[in-house]
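Below is one structure, written out as structure tokens; the observations come after it.
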Amino acid sequence: MDVKELEPFPELDIAWCPGCGNFGIRKVLMQALAEMEMDLTRLVLVSGIGQAAKLPHYVKANVFNGLHGRALPPATAIKAANPELTVIVESGDGDMYGEGGNHFMHTIRRNPDITCFVHDNMVYGLTKGQASPTSLEGFKTAMQPSGVILEPFNPLAVAIALDASFVARASISDSEQTKEIMKQAINHKGFALVDIFQPCVTFNKLNTFQWFKDHSYYLEEEYNPRDRVQAFQRALETDKYPLGVFYIGPERPVFEERQMVYTRGTDPLYRRSCSHEVMENLLDAKMGNPPEVLQQR
Amino acid sequence: MDVKELEPFPELDIAWCPGCGNFGIRKVLMQALAEMEMDLTRLVLVSGIGQAAKLPHYVKANVFNGLHGRALPPATAIKAANPELTVIVESGDGDMYGEGGNHFMHTIRRNPDITCFVHDNMVYGLTKGQASPTSLEGFKTAMQPSGVILEPFNPLAVAIALDASFVARASISDSEQTKEIMKQAINHKGFALVDIFQPCVTFNKLNTFQWFKDHSYYLEEEYNPRDRVQAFQRALETDKYPLGVFYIGPERPVFEERQMVYTRGTDPLYRRSCSHEVMENLLDAKMGNPPEVLQQR
Amino acid sequence: MPQNVQKKTDELSVVLCGEAGQGIQTVEFLLTALLKQCGYNFFSMKEYMSRVRGGSNSTEIRISSRKVNAYVRRIDILFPLTRAALEHVRDRITEDTLILGERERLTSGGDTGDLKIVDTPFTALAKEVGGAIYANTVAVGIIAGLLQFERDITDHYLGEYFGKKGDQVIKNNINALSKGYEIGERLRGERYPNLDIRKNPEIFDDIIVNGAEAIGMGALCGGCNFVSSYPMTPSTGILTFLAQQASRFDIIAEQAEDEIAAINMAIGAWYAGARGFVCTAGGGFALMTEGLSLAGMLESPMVLSVGQRPAPATGLPTRTEQGDLQFVLHAGHGEFARVVFAPGTLEDCFRLSRMAFDMADRYQIPVFVLSDQYMVDCYYNFKRPDISGFTAENHIVRTGRDYKRYQFTESGVSPRGIPGNGEGFVVLDSDEHTEEGHITENLDIRTRMVDKRLKRLDDLRREALEPELSGERDCRLMAVCWGSNANIVREAIEDSGRDDISLLYFKQLYPLPANTADYFQGAEKTVLIENNATSQFGQVLRTEAGVNIEDTIHKYNGMPFSVEEMTDHLMAFAGRED
Amino acid sequence: MPQNVQKKTDELSVVLCGEAGQGIQTVEFLLTALLKQCGYNFFSMKEYMSRVRGGSNSTEIRISSRKVNAYVRRIDILFPLTRAALEHVRDRITEDTLILGERERLTSGGDTGDLKIVDTPFTALAKEVGGAIYANTVAVGIIAGLLQFERDITDHYLGEYFGKKGDQVIKNNINALSKGYEIGERLRGERYPNLDIRKNPEIFDDIIVNGAEAIGMGALCGGCNFVSSYPMTPSTGILTFLAQQASRFDIIAEQAEDEIAAINMAIGAWYAGARGFVCTAGGGFALMTEGLSLAGMLESPMVLSVGQRPAPATGLPTRTEQGDLQFVLHAGHGEFARVVFAPGTLEDCFRLSRMAFDMADRYQIPVFVLSDQYMVDCYYNFKRPDISGFTAENHIVRTGRDYKRYQFTESGVSPRGIPGNGEGFVVLDSDEHTEEGHITENLDIRTRMVDKRLKRLDDLRREALEPELSGERDCRLMAVCWGSNANIVREAIEDSGRDDISLLYFKQLYPLPANTADYFQGAEKTVLIENNATSQFGQVLRTEAGVNIEDTIHKYNGMPFSVEEMTDHLMAFAGRED
Ligand SMILES: Cc1ncc(C[n+]2csc(CCOP(=O)(O)OP(=O)(O)O)c2C)c(N)n1
Ligand SMILES: Cc1ncc(C[n+]2csc(CCOP(=O)(O)OP(=O)(O)O)c2C)c(N)n1
Ligand code: SF4
Ligand code: SF4
Ligand SMILES: [Mg+2]
Ligand SMILES: [Mg+2]
């Protein structure tokens with residue numbers, strides 16, 4: 001499939017700043033999807049609000065662009081309501097780990113078969129430069145004039161602590177590898193998190209393209225992503241941040257598979273309807289005859 | 001100090017079920033406070049909603065019994081507004097890790113000098129027996145008739161991933177040790193989490209007193225709680241759950257200490273007021289004279 | 001008292017009161033099932049504390065010839081299980097109340113004063129037949145004897161009910177029932193010689209569900225196949241009911257990590273073609289208001305069941321109130337259309353919940369089913385609904401290549417496609433958007449989109465359910481109420497014996513039909529009855545229908561109105577009969 | 001046009017339009033500062049897209065003899081920085097608009113049609129004096145020349161302003177200003193021979209702050225010493241303003257992880273004796289409604305600044321609207337008292353924000369400062385407030401041994417203690433509680449506590465701020481508005497030249513003073529003006545004051561009303577002058 005097929009319009013007005021790392025992520029995502037020959041009509045891009053979260057508008061796909069911080073709950077539900085769809089979440093560090101932190105944790109526990117790309121620019125871009133959960137200590141902003149005093153959020157360590165199914169980090173300074181990691185994440189069955197270093201050229205003068213290059217390196221080839229404790233240890237490295245697939249959890253059924261409804265067939269919910277027979281049976285059970293009355297009320 | 005001084009009323013009507021593990025936690029907490037000779041008028045017990053969260057009503061102290069899931073934000077603010085107070089949070093597994101999950105993560109990042117006791121009964125007690133984040137896979141309830149399908153939340157592993165200042169687990173089946181851990185937590189400077197196994201005799205027939213006894217043991221004496229990776233590794237053990245202090249993070253200033261306001265004196269906020277002089281200076285700066293206009297607008 | 005005696009001959013109000021966990025529910029289950037089996041109309045309501053064990057809870061079971069589906073204060077027969085229970089309902093006890101209890105237990109805390117307790121040794125009798133555990137069945141037996149239940153029915157039922165526990169248990173239960181039956185028969189002779197509660201053969205075809213189940217079943221009939229919620233009294237029952245149907249119905253029921261996740265999941269589910277549902281209480285709904293606004297912007301269908309309880313904040317978690325109407329009406333930032341139903345009968349719980357899904361889907365709006373603790377917990381026998389005509393038709397279209405989710409149309413509603421069902425792309429955006437669903441800052445489009453989202457209110461008003469009028473428009477007093485007060489006010493009017501008092505029961509609270517004001521033309525006086533302190537529906541009537549009701553009746557202590565106090569209120573407002 | 005020419009002699013509307021990040025702000029800063037230095041009244045407003053770079057944003061700067069603090073559509077002088085900018089404001093350009101731009105740049109996308117651009121080679125001129133970077137100063141110079149700013153003032157200012165950058169930079173800027181100045185002087189001669197904008201020496205003592213700063217400073221004056229919020233347009237400015245004061249004022253400013261944390265933190269802060277504050281937009285407030293209800297139940301003071309923007313959901317993040325009033329009024333489950341202020345001038349932003357803290361503390365309720373994007377972003381010179389009389393008195397008591405947080409009192413308000421300040425214990429509970437603050441299920445206490453929480457509305461009504469009437473009650477047309485429309489409607493009425501149109505500006509929206517209806521007695525016609533689609537304040541007037549206004553003026557495309565369109569609207573409603 002030609003990448004051009006993923007262009008949504010002829011003359012797209014992209015609202016990102018010139019030079020923004022998001023352009024690279026968009027390009028790489030489109031390449032990955034093209035190489036995977038993704039059926040676009042069955043692709044759903046889900047996002048919250050932020051610069052990163054605008055990405056779905058710039059790719060030809062079904063789009064659910066919801067609320068700030070709330071990409072994962074609809075994404076989980078979309079996949080559960082129709083497992084035939086491929087669901088990819090595009091989010092920012094504030095969107096996913098700040099406002100959306102609780103969903104981040106509990107979606108990992110749920111383990112739906114969706115992919116979650118977090119454009120991690122260590123700042124709130126859209127709202128013009130406040131600290132984000134991943135901002136480094138001491139990072140100064142208009143809102144944090146004496147610098148950030150909170151411990152930076154370590155998304156990989158937390159995901160590994162939650163036994164996430166797939167945990168990786170990429171840096172858009174390396175498109176080729178980022179593309180491969182993206183493909184691997186999309187192909188992975190289960191919840192896949194990829195935290196992607198993305199320079200915000202306007203509001204983050206600390207974590208620039210160069211900084212990300214200088215402060216990252218790839219996990220060695222022989223690295224074994226099946227070792228949870230080792231993955232955790234590597235996730236703690238911050239002198240230089242390792243890139244690559246940190247952790248692949250033990251195989252376990254995904255959220256949607258475990259729903260009773262799909263033990264009765266694979267049809268998505270929209271192709272089913274309430275059976276009169278089952279309903280009549282339920283009404284029968286509500287007529288006060290033993291022993292349902294005890295069980296049901 | 002005599003424990004009796006911590007009794008709030010002569011005839012207290014405690015709403016817990018007979019045999020509930022919460023009675024033990026209350027007793028041990030009161031003992032710990034008594035042994036510490038706590039100044040009760042400066043003690044604030046903060047809680048959300050749940051069975052555990054009722055505890056503050058049963059101890060003589062200042063009480064902030066707020067919303068379900070929202071104990072940590074007010075607790076953080078109370079300590080910040082008046083660092084002279086001792087702030088202890090009493091919460092349940094649903095309250096803290098479910099509804100309150102986002103605050104759990106970000107409060108750890110903030111590192112206020114407060115103590116957080118989570119009564120972990122692996123179930124929603126007050127709402128009559130639904131699964132909680134810590135419920136084990138397969139645990140059956142009215143709401144989860146085919147058993148829990150989510151991965152249990154591992155509070156210790158997550159706290160360690162977030163580099164929490166103090167991370168421990170206790171089990172109320174051993175009052176003596178629990179008391180010692182509580183005291184250590186209260187004395188610790190920085191955010192201290194103690195997850196306390198607490199049997200719910202009514203709605204959790206799986207994780208009973210006996211079960212907690214059979215499924216736990218203490219970390220060895222020579223265990224070093226300063227090793228984060230090892231702490232993580234031990235936090236993953238679930239055949240038998242280790243008890244004790246898992247992790248003590250590197251020393252770092254607490255949230256309230258880092259506020260500019262306390263660099264100008266230790267007075268709590270209520271003993272300060274807006275200075276007219278500073279205000280007049282600010283007004284001066286707003287008169288359009290250079291160069292404030294540029295910086296401020 | 002005279003009037004009471006008259007009434008009593010064709011109805012009985014039985015109240016069980018004791019600690020949480022003391023087994024009231026077992027008595028209640030058995031008794032109501034047997035009542036149904038024997039052909040008696042009944043009504044049951046609960047009031048309980050927010051605790052799992054201890055405290056004092058009570059259940060009222062009314063047995064009657066005519067259908068009476070409302071809470072009465074009067075207690076004809078009281079089974080107090082503890083001394084505290086007696087105190088708990090003391091102010092409902094009158095001379096006519098028959099108190100059946102174990103005197104020793106009830107006087108343990110001191111003398112019961114002027115309360116005359118008919119000492120009834122449940123435990124002793126139970127032990128005679130096999131153990132204290134059968135005390136509950138003895139209690140059931142008393143009512144059975146009083147009403148002279150057919151013994152073959154009771155014994156057959158006990159046989160089935162305890163079937164799995166073996167013959168000995170069955171036998172002991174039957175014997176226990178007999179012990180009670182004897183007492184009941186004796187009491188009938190002594191105290192209720194004129195008791196004549198008519199059986200009604202028609203009720204054999206009735207169903208027995210409480211409000212929570214009725215709402216849940218209505219939802220299932222409305223095609224609900226996805227529910228995501230977070231437990232909260234009084235709506236947990238709806239959620240668990242639906243969760244338990246997942247083994248039979250094609251429904252996904254998920255306990256969300258919080259209410260925010262719940263509503264955002266449900267919106268996602270609708271987007272993907274499911275019919276999503278959330279059920280919560282006022283406090284949980286507070287966390288959903290941003291999601292509600294999202295539904296408004298996305299033009300996503302959504303059904304929300306909000307069960308009210310006394311607030312603000314945690315309030316009285318297990319009690320009842322109608323204090324969240326204005327919140328539900330105005331929740332969510334910005335302006336968009338919605339519908340609010342407030343069922344006042346179990347039949348309406350079922351019917352309106354079903355309709356809610358249809359309305360939500362057709363108009364692509366959020367629809368509320370607003371109930372309260374009293375409504376979801378009460379139950380009575382009512383006609384089994386005929387579901388043969390229902391189809392939960394999905395109002396979705398197959399998308400074509402040039403599909404536009406927000407195509408401008410005359411009605412404001414655009415054909416709704418879902419991803420993966422057609423060649424088109426379905427693009428939803430919480431920002432202001434173009435017809436294609438893409439983010440825009442075009443100010444003209446903005447205006448048109450606002451109009452589009454609000455336009456459907458015209459149709460919604462046209463389709464709005466009219467209030468239910470019982471009695472004449474031209475009347476001395478029009479008693480206006482909504483939701484769960486319907487049956488209470490209805491019975492109070494009947495009890496008043498006055499045919500110049502009419503009932504106007506609103507089951508749709510917003511939008512109101514255009515002719516709403518007409519209902520108020522003929523009444524000499526109008527009174528508005530609400531379970532809150534600030535006349536919240538009164539404000540709706542004023543702004544939506546231009547109707548201004550000065551006289552109001554309020555209650556906000558956490559309990560529903562009783563029929564008796566309502567009768568008193570109405571009589572006071574109606575004044576002397578002309 | 002004739003009328004326009006007349007007007008133009010004592011005022012100018014200058015508009016800068018270009019991409020985000022193109023330096024409009026630098027021109028704006030310099031120009032407004034110089035205007036102030038030279039003694040000119042000015043007003044500035046912005047409209048901008050939700051993007052950090054690119055797009056088309058514009059800033060309007062009005063310079064005038066009389067104070068005019070409202071948005072006009074008219075553009076006298078336009079500086080379009082890009083071709084797209086020209087398109088962006090095209091429908092505001094008339095024959096009288098002087099367009100100053102670099103022709104080449106503006107025609108790059110094709111001919112500009114009938115738009116006459118006065119080619120002004122900013123860049124070339126800037127390069128002459130030292131580099132393209134000085135183009136902004138050239139632009140400032142044009143207005144300086146046009147208005148004949150005293151050069152010693154301008155040059156002194158530039159010297160200070162660029163002081164740190166060294167003499168060369170200062171010199172280049174002065175030269176750049178001269179280049180523009182020449183153009184300006186020439187234009188004055190050619191195009192504005194009669195221009196006569198009076199200076200006003202009094203304004204030297206004025207301050208210049210925008211709405212966000214005015215609210216923030218009011219809060220500081222009100223004793224605010226704790227702010228916890230989550231960034232959200234249009235309220236981020238308030239938050240960052242306060243954060244930046246932490247180095248001077250005793251204030252803790254914390255960026256919360258979400259809005260839920262924000263409000264719960266602020267409530268905790270009040271509990272511990274601080275004065276907590278949250279600032280957010282409608283969508284962020286949606287996440288605070290549960291916390292609001294908590295404040296209601298705890299009887300905790302709370303101040304909330306809600307900045308409205310077009311909704312639902314994300315809507316138009318950087319635009320303006322008045323669409324959240326009903327939400328703010330009814331948000332939170334259950335019933336409790338609140339106050340809603342809606343400042344319509346910067347003076348009121350300051351004043352009401354200060355008052356909000358006092359009201360919140362005295363009445364132990366949540367108080368809202370409801371604003372919008374237009375209000376927080378606009379700024380003008382206004383009288384420096386005299387703060388000498390203000391004391392942010394803490395209404396807290398030292399607790400005694402038998403302290404009861406919720407002691408019943410006549411007014412409903414109990415003395416508020418805080419932990420650690422006295423011998424007593426301060427117990428707060430989100431459940432219904434006793435006077436001591438402990439959880440209770442006592443139904444009588446429940447009723448009394450509801451009454452207690454609502455009782456204070458009587459005093460609040462008595463203390464409510466009256467609407468501000470400009471003109472006579474007996475008038476042809478009463479133009480009613482609230483919040484940020486105040487100055488717009490005021491100027492529109494002035495422009496209409498009619499003294500039979502009066503302005504009624506509400507700055508407190510709830511509760512309304514008892515005499516509200518009186519204001520509406522004398523008007524022949526009344527029209528209600530709101531920046532929303534559904535007349536939200538109209539509903540308040542109906543339910544709270546029994547005032548029913550049929551005629552309404554709406555705008556909801558994301559822009560404020562302009563003075564001109566408002567004048568047209570009012571003239572249409574007022575009809576011919578008698
Ligand atoms: C409930 C809510 N709160 C706040 C906002 C404002 N807001 C929009 S995006 C954003 C943060 C964006 O940061 P991030 O997620 O890191 O995305 P980025 O722009 O950096 O890509 C905020 C605070 C909002 N839209 N909704
Ligand atoms: C916003 C909100 N959602 C739901 C509830 C209902 N609720 C109260 S406590 C609780 C869970 C309690 O579980 P946990 O925190 O584990 O405490 P436990 O009772 O087990 O001690 C729930 C769901 C509520 N009060 N508020
Ligand atoms: S502000 Fe930063 S993240 Fe946003 S578009 Fe610009 S460079 Fe990218
Ligand atoms: S329900 Fe469980 S947690 Fe709650 S009081 Fe009873 S035993 Fe304790
Ligand atoms: Mg970011
Ligand atoms: Mg629990």
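The sequence lines fix the lettering, A, B, ..., with proteins before strands; numbering per chain opens at 1. Predicted model, so just to flag it, every value in this text is computed and none were measured.
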- Task: Let me know if C:N394 has heavy atoms under 4.5 Å from chain A in its side chain, its backbone, both or neither.
- Result: side chain

- Message: Between A:D267 and chain C, with a heavy-atom cut-off of 4.5 Å, which part of the residue counts as in contact: side chain, backbone, both or neither?
- Response: neither

- Considering only heavy atoms, which portion of A:L40 lies under 4.5 Å from any heavy atom of chain C: side chain, backbone, both, or neither? both

- For C:M297, is it the side chain, the backbone, both or neither that has a heavy atom under 4.5 Å from a heavy atom of chain A? neither

- Item | Residue list, side chain to side chain contact (heavy atoms under 4.5 Å, CB included) with C:F204, at least two apart or on another chain | C:P201

- Can you find a heavy atom in the side chain of A:R109 that is under 4.5 Å from one in the side chain of C:E257? no

- So, the part of C:Y403 with a heavy atom under 4.5 Å from chain A: the answer is neither

- Taking C-beta and beyond as the side chain, do C:N225 and A:V261 meet within less than 4.5 Å on heavy atoms? no

- Non-hydrogen atoms of A:M287 and C:K36 that approach each other most closely: O-NZ, 2.6 Å

- Sub-4.5 Å side-chain heavy-atom contact between C:L220 and A:L282: yes

- Item | Residue C:S388 versus chain A: region with a heavy atom under 4.5 Å | backbone

- How would you list, in number order, the residues of residues 267-277 of chain C that have a heavy atom less than 4.5 Å from chain A? C:I267, C:G268, C:A269, C:Y271, C:A272, C:G273, C:A274

- Message: Using only atom types and a distance under 3.5 Å, with no angle test, would you say the side chain of A:H276 pairs donor to acceptor with the backbone of C:G389?
- Response: no

- State, with a plain yes or no, whether a side-chain heavy atom of A:R264 is found less than 4.5 Å away from one of C:D250. yes

- Item | Heavy-atom pair count under 4.5 Å with chain C, highest-scoring of A:K54, A:H106, A:H57 | A:H57

- Pair listing, side chain to side chain donor-acceptor pair (under 3.5 Å) test, anchored in residues 39-53 of chain A, at least two apart: A:D39-A:T41, A:S47-A:N65

- Query: Is the number of heavy atoms from other residues, nucleotides or ligands within 6.0 Å of CD (C:E202) greater than 12?
  - Reply: no

- Against chain C, label A:E256 side chain, backbone, both or neither, depending on which of its atoms sit under 4.5 Å from a heavy atom there. neither

- Measuring heavy-atom distances to chain C, does A:K79 have an atom under 4.5 Å in its side chain, in its backbone, in both, or in neither? neither

- Backbone N/O of A:K286 and side chain of C:R384: donor-acceptor pair under 3.5 Å: no

- Message: Which atoms of A:L283 are under 4.5 Å from chain C, going by heavy atoms: the side chain, the backbone, both sets, or neither?
- Response: both

- Message: At a heavy-atom distance under 4.5 Å, which candidate from A:V44, A:V46, A:L269, A:N62 has the highest pair count against chain C?
- Response: A:N62

- Spell out, as yes or no, whether a donor-acceptor pair under 3.5 Å connects the side chain of C:Q37 to the backbone of A:G288. yes

- Task: Measure across A:G66 and C:L294 and return the closest heavy-atom pair with its distance rounded to 0.1 Å.
- Result: CA-CD1, 4.1 Å

- Top of A:D13, A:V63, A:L45 for chain C proximity - count of heavy-atom pairs under 4.5 angstrom: A:V63

- Proximal component of C:L298, with respect to chain A [non-hydrogen, under 4.5 Å]: side chain

- Query: Relative to chain C, which of A:A75, A:P73, A:P8, A:S273 shows the most heavy atom pairs under 4.5 Å?
  - Reply: A:P73

- Note on the structure: Heavy atoms of A:F9 and C:H438 approach each other most closely as CZ-CD2, 3.0 Å

- Note on the structure: d(A:F64 CZ, C:S300 OG) to nearest 0.5 Å is 7.0 Å

- Heavy-atom closest pair (C:M217 atom, A:M279 atom, distance to 0.1 Å) is O-CE, 3.6 Å

- Message: Quick check on C:I396 against chain A: is it the side chain, the backbone, both or neither that has a heavy atom closer than 4.5 Å?
- Response: side chain

- Message: Is C:I203 in contact with chain A via its backbone, its side chain, both, or neither, using a 4.5 Å heavy-atom distance?
- Response: neither

- Task: Tell me, with the steps shown, if C:N264 and A:L67 meet side chain to side chain contact (heavy atoms under 4.5 Å, CB included).
- Result: CA-CA 9 Å; C:N264 282 282; A:L67 296 171; 3.7 Å; yes

- Task: Measure the shortest side-chain to side-chain distance between C:D258 and A:H103 over non-hydrogen atoms and say whether it is less than 4.5 angstrom.
- Result: yes

- So, the part of C:N421 with a heavy atom under 4.5 Å from chain A: the answer is both

- Message: Any non-hydrogen side-chain atom of C:I252 less than 4.5 Å from a side-chain atom of A:Y262?
- Response: yes

- Note on the structure: So, the part of C:E436 with a heavy atom under 4.5 Å from chain A: the answer is neither

- How far apart are the closest heavy atoms of C:F249 and A:C274, and which atoms are they? CE2-SG, 4.0 Å

- Best-contacting candidate, A:A61, A:G69, A:G100, against chain C by heavy atom pairs under 4.5 angstrom: A:A61

- Message: Ignoring hydrogens, what is the shortest heavy-atom contact between C:G420 and A:Y270? Give both atom names and the distance.
- Response: O-OH, 3.9 Å

- Message: Is A:Q259 in contact with chain C via its backbone, its side chain, both, or neither, using a 4.5 Å heavy-atom distance?
- Response: side chain

- Which residues satisfy the side chain to side chain contact (heavy atoms under 4.5 Å, CB included) test with A:S275, sequence neighbours excluded? A:E277, A:V278

- Is there a side-chain contact between C:I260 and A:R70 (heavy atoms, below 4.5 Å)? yes

